[in-house]
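Working notes, beginning with the structure itself.
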Amino acid sequence: MRHLLLLTPAWHSEDPALGFAVGWASALRTLVPRLTVLALRRGAAPPTPPGMTVRAVGGGGRAVVGLRLLRAIAAMDRPDVALAHMNWPMPMAALPALRARRVPLALWWAHGTAPLGLRLLLPHLALVLSSTQQAFPLATRRLIVVGQGIDTDAFAPAAAEPPPPFTVITAGRLAPVKRVELVREACARAGAALSVLGQGALPGQGRALAHATMPAALRGAHAFATASLTGSPDKAALEAMACALPVVALGEGLRGALPPDLARQVIMPDMLSFTARLAALAAMTPSERRGFGLALREAVMAQHDRAGQQARIVAALSALAR
């Protein structure tokens with residue numbers, strides 16, 4: 001594969017939810033000679049490396065954005081493959097130009113929900129990439145599981161645990177489906193302090209934090225908790241595991257992302273067990289928590305490390321190149 005086109009909602013390294021895409025795509029560029037990024041919006045980001053071009057096509061109504069997409073794809077050197085990242089409107093709008101130039105379309109999707117647009121896009125996809133089998137909610141033979149792609153160099157363990165009190169962190173997109181109120185309730189019952197970080201539909205319920213500062217924030221806590229009901233692996237939880245934090249989850253999203261023995265220690269079936277597990281983590285010695293956290297980090301590095309994930313992505317996409 002000589003030239004890859006990436007369609008992504010945002011190119012903004014300080015975005016709490018999508019900031020990871022900048023480093024993710026920049027690392028992907030090291031595996032392909034040329035990478036062109038079309039983003040709906042563009043913000044602060046490091047300089048693009050040689051061989052990479054980034055262009056913003058957003059602003060205005062859907063028809064205007066669609067026209068910009070079509071013109072940009074028609075004018076560029078023909079990509080071998082187009083990869084849409086966590087969105088369906090951009091690839092749907094780009095379909096006429098991609099078809100005219102015979103560019104196969106792939107999609108990265110790691111979320112348990114299936115909006116109508118995703119269902120309409122599916123027949124037009126040559127390939128679907130996801131973090132786990134459960135992270136793509138529609139049945140298709142074109143799905144390839146490649147892992148989540150965690151930067152395990154940036155998300156690395158702290159030299160030592162932070163001082164007391166025992167503090168739990170929950171982070172990510174703070175939509176109602178994340179059920180942050182249950183995490184609050186469980187922490188209160190377990191006698192644990194709670195730090196809520198993220199961005200979303202719960203004003204006053206947490207504070208936004210640039211993705212680049214998340215590793216330090218995670219290393220400042222003793223454990224991570226999630227009650228997400230999205231059905232897909234919680235990326236923030238996997239990032240916490242990469243930092244060797246013990247993780248506890250109320251919900252099945254992490255089931256396919258971990259070996260069974262670790263999944264049993266992370267995933268709790270009900271609120272009572274969720275609260276009890278938090279209390280048990282608080283009662284552990286620092287060395288016991290560290291041992292459990294390091295086991296989780298090893299699992300993330302084996303299945304979800306970014307370098308391994310991107311090698312699998314490039315191999316899968318290269319098979320589509322004509």
Side-chain angles (χ1 to χ4, degrees), residues 9-10 14-20 86 110-113 115 131-132 134-135 137 148 150 155 162 165-243 245-258 263 265-282 289 293 296 300:
E14 296 181 6
D15 187 295
L18 296 170
F20 75 94
M86 282 304 294
H111 199 279
T113 60
S131 56
T132 67
Q134 296 82 1
Q148 185 66 49
I150 304 298
F155 290 91
F166 180 78
T167 301
V168 174
I169 191 170
T170 191
R173 184 176 57 90
L174 301 182
V177 72
K178 298 291 187 174
R179 302 192 298 179
V180 175
E181 73 282 359
L182 296 184
V183 178
R184 289 185 185 279
E185 182 181 341
C187 285
R189 291 181 178 180
L194 175 64
S195 176
V196 180
L197 303 175
Q199 182 185 48
L202 299 174
Q205 297 294 307
R207 62 187 179 93
L209 201 66
H211 188 260
T213 64
M214 277 301 300
L218 289 167
R219 287 190 284 266
H222 297 85
F224 184 97
T226 175
S228 174
L229 269 184
T230 62
S232 62
D234 189 331
K235 181 172 71 68
L238 294 175
E239 290 170 344
M241 294 179 196
C243 291
L245 257 65
V247 171
V248 58
L250 179 64
E252 291 291 312
L254 289 167
R255 179 74 65 186
L258 293 170
Q265 298 177 70
V266 169
I267 299 168
M268 300 296 113
D270 51 46
M271 190 65 177
L272 185 62
S273 302
F274 188 54
T275 303
R277 181 58 174 165
L278 284 171
L281 290 175
R289 283 194 291 267
L296 293 175
V300 168

| remark: The side chain to side chain donor-acceptor pair (under 3.5 Å) partners of Q265 (sequence neighbours excluded) come to none
| Taking side chain as C-beta onward, heavy atoms only, is L278 less than 4.5 Å from C187? | yes
| remark: Rounded to the nearest 0.5 angstrom, the CG-CE distance for L182 and M271 is 5.0 Å
| field | Heavy-atom side-chain contact between H222 and L281 under 4.5 Å | value | no
| Can you name the closest pair of heavy atoms from P137 and A135 and give their distance? | CD-O, 3.8 Å
N/O donor to acceptor pairs below 3.5 angstrom from side-chain atoms of residues 245-253, sequence neighbours left out:
residue: E252; atom: OE1; partner: R255; partner atom: NE; Å: 2.8
residue: E252; atom: OE1; partner: R255; partner atom: NH2; Å: 3.0
residue: E252; atom: OE2; partner: R255; partner atom: NH2; Å: 3.0

| What pairs with R289 under side chain to side chain donor-acceptor pair (under 3.5 Å), at least two apart in sequence or on another chain? | E161
| query | Which pair of heavy atoms, one from T226 and one from T170, lies closest together, and at what distance? | reply | CA-OG1, 4.3 Å
| said: Could you check whether any side-chain heavy atom of M241 comes within less than 4.5 Å of a side-chain heavy atom of L254, counting everything from C-beta outward? | reply: yes
| task | Any pair with a residue in residues 216-240 that passes salt bridge (charged side-chain N to carboxylate O under 4.0 Å, His left out), sequence neighbours left out, goes on the list, sorted by first then second residue, please. | result | K235-E239
| query | Of all residues at least two apart in sequence or in a different chain, which pass the side-chain contact (heavy atoms from CB on, under 4.5 Å) check with A242? | reply | I150, T152, F155, R297, V300
| field | Which atom of F274 lies closest to which atom of A186, heavy atoms considered | value | CD2-CB, 3.6 Å
| field | Test item: V183 and K178 side chains (from C-beta on) under 4.5 Å apart, heavy atoms | value | no
| Those residues that, when tested against E185, pass salt bridge (Lys or Arg N to Asp or Glu O under 4.0 Å) (two or more places apart) | R189
| Can you name the side-chain contact (heavy atoms from CB on, under 4.5 Å) partners of A10, sequence neighbours left out? | L18, R41
| query | So how far is it from C243 SG to L238 CG, rounded to the nearest 0.5 Å? | reply | 11.5 Å
| said: Restricting to side chain to side chain donor-acceptor pair (under 3.5 Å), what partner residues turn up for T113, sequence neighbours left out? | reply: H111
| remark: Hits for side chain to side chain donor-acceptor pair (under 3.5 Å) against T167, two or more places apart or cross-chain, chain-then-number order -> none
| message | Can you give me the closest heavy-atom contact between R179 and A227, atom names plus distance? | response | NE-O, 2.7 Å
| query | Between S232 and A110, which heavy-atom pair has the shortest distance, and what is it? | reply | OG-O, 3.7 Å
